[in-house]
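Structure first, commentary second.
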Amino acid sequence: AYYEKVGFRGVEEKKSLEILLKDDRLDVEKLCTFSQRFPLPSMYRIFVWKVLLGILPPHGDSHALVMSYRKQQYEDVLQALQVMRFVQSSTPQVEVYLHMHQLESLALPRRTEVTPLEPEAEDFLAIARAMAKIVESSVDCYWLIKCFVNQYSNKYGDSVPHLPKSLEHFLSLEDSRLLNHLRTCNAMSKLPYNLWFRRCFAGCLPESSLQRVWDKIISGSCKILVFVAVEILLGYKIMLMGMNKPEDITQFLENMPQENTDAIVTKAIDLWHKHCGTPMHSV
Amino acid sequence: FLEDVKSQAKGELQASQSRYQAQRQVTQALQTELLELYSRLEKEDAVAGAGAAAAAAGG
Amino acid sequence: FLEDVKSQAKGELQASQSRYQAQRQVTQALQTELLELYSRLEKEDAVAGAGAAAAAAGG
């Protein structure tokens with residue numbers, strides 16, 4: 001009965017999304033609300049992400065023209081990098097995306113200096129690798145990575161440093177015993193916060209689970225990241241309670257098992273709705 | 001309806017402007033690269049010139 | 001009035017497009033120059049390499 005209900009809800013949700021997408025002028029706010037409340041059907045996900053991230057404008061009539069601009073811009077930047085020999089046929093695709101982004105933000109490194117990658121560049125690459133597994137077209141992929149990364153740092157840059165504190169708070173509400181254990185063995189300051197809150201779980205969760213988390217980030221919440229982290233800790237409580245060295249805990253979490261991630265994300269979304277409320281604007 | 005027309009035009013203009021901005025950033029990157037190459041060439045020419053002069057003096 | 005707004009929007013878009021085209025011509029010219037420089041540098045490097053090899057063989 002539960003599955004019937006969920007299945008029925010799924011069909012209803014998909015219909016209401018389709019009604020939203022039929023508008024000549026897409027209502028971005030309603031699309032945000034929808035994506036915050038419900039999972040995006042995978043057939044519409046990339047389209048909705050492109051609209052929410054401003055890669056496509058609200059007006060459907062403009063989509064072809066705007067996409068031709070986007071494609072041209074992609075090709076212009078790529079071609080310049082090829083001429084400058086920053087990019088060769090052997091360059092991995094995600095590094096191509098990185099150099100394109102660097103060129104566009106006037107941060108292309110000097111090639112004569114062989115410097116190790118900045119942490120931001122490593123974060124970009126991790127997000128790019130995950131996005132490349134979700135999105136087929138390289139033009140779409142580049143634009144989605146770039147706009148995702150830009151939106152994340154512009155919109156949530158100030159909140160990200162506070163997320164570990166928030167994690168501690170919600171973990172204390174959900175399971176104070178686990179929190180105490182982690183505190184006792186000095187693990188709280190060594191949790192993989194970069195992986196969780198700077199890379200948004202890219203390289204940590206498999207893409208099928210990851211995209212459901214990114215739905216929420218793209219539509220306007222970075223708080224979801226905290227609840228995913230809480231559910232990961234709760235999900236592996238037994239293992240974690242058995243570890244006493246902080247580096248073992250970090251090591252385990254950085255290479256987390258990939259089996260139950262869908263359930264973890266589902267629980268995280270429920271917990272997030274429970275604590276932060278479900279957006280109730282009419283959809 | 002007027003707002004509609006305006007917002008549609010705005011969306012298209014923004015995309016067009018972004019394409020233009022990227023082209024400007026490409027220009028800057030190319031210029032930086034060219035400057036570096038020219039200074040490298042000049043250095044090499046100076047070294048080659050000094051080498052040739054030394055060879056001529058020695059011979 | 002609506003026609004007015006539309007034609008203004010169209011004008012702005014065209015202006016943006018022509019700015020883009022102009023900038024694109026600049027980058028094309030720079031790219032050509034860059035390619036030429038690269039091939040000049042490569043020739044010089046080859047000559048220098050051959051010279052060094054000859055010197056080593058002669059010495």
Side-chain angles (χ1 to χ4, degrees), chain B, chain C:
Chain B
F1 185 66
L2 184 65
E3 281 312 306
D4 219 41
V5 172
K6 276 189 186 169
S7 97
Q8 181 173 3
K10 198 176 144 201
E12 292 175 6
L13 188 63
Q14 276 174 349
S16 172
Q17 286 292 83
S18 139
R19 184 178 68 152
Y20 164 71
Q21 282 302 337
Q23 198 63 247
R24 280 185 56 129
Q25 273 124 21
V26 165
T27 306
Q28 284 210 25
L30 288 169
Q31 283 172 341
T32 311
E33 181 75 7
L34 275 168
L35 284 175
E36 256 175 53
L37 277 183
Y38 274 122
S39 82
R40 205 181 118 191
L41 265 174
E42 264 163 32
K43 266 184 218 151
E44 290 194 5
D45 284 353
V47 170
Chain C
F1 182 64
L2 184 66
E3 282 312 306
D4 227 38
V5 172
K6 274 190 186 171
S7 89
Q8 190 190 340
K10 202 177 149 198
E12 285 173 8
L13 190 62
Q14 275 173 353
S16 167
Q17 279 168 341
S18 74
R19 262 201 309 267
Y20 165 75
Q21 288 301 342
Q23 197 69 37
R24 202 172 133 82
Q25 274 160 13
V26 171
T27 65
Q28 299 274 347
L30 290 172
Q31 287 181 358
T32 309
E33 194 179 339
L34 193 58
L35 287 174
E36 272 169 27
L37 265 185
Y38 275 130
S39 80
R40 208 181 119 192
L41 268 170
E42 264 161 30
K43 266 186 216 146
E44 292 196 4
D45 284 353
V47 170

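Only heavy atoms go into these numbers, but all of them, side chains included; no hydrogens, no water, no symmetry mates. Naming convention: chains lettered A, B, ... in sequence-line order (proteins, then strands); numbering from 1 in each chain. Keep in mind that what you see is a predicted model, and the values were worked out from it rather than measured.
Here the CD atom belonging to B:Q23 is positioned 10.0 Å from the CD atom belonging to C:Q25, to the nearest 0.5 angstrom. Between the CD atom in C:E36 and the CG atom in B:L37 there is a gap of 12.5 Å [rounded to 0.5 Å].
In terms of non-hydrogen atom pairs under 4.5 Å with chain B, the most contact-rich of C:L34, C:L2, C:T27 is C:T27. Note: B:R24 leads B:R24, B:Q21, B:Q31 in heavy-atom pairs under 4.5 Å with chain C. Interface remark: of the candidates B:S16, B:A29, B:A22, B:S16 forms the most heavy-atom pairs closer than 4.5 Å to chain C.
Scanning residues 7-15 of chain C against chain B with a 4.5 Å heavy-atom cutoff picks out C:A9, C:E12, C:L13, ordered by number.
Defined by atom type and a distance below 3.5 Å, a donor-acceptor pair is missing between the side-chain atoms of C:Q17 and B:R19.
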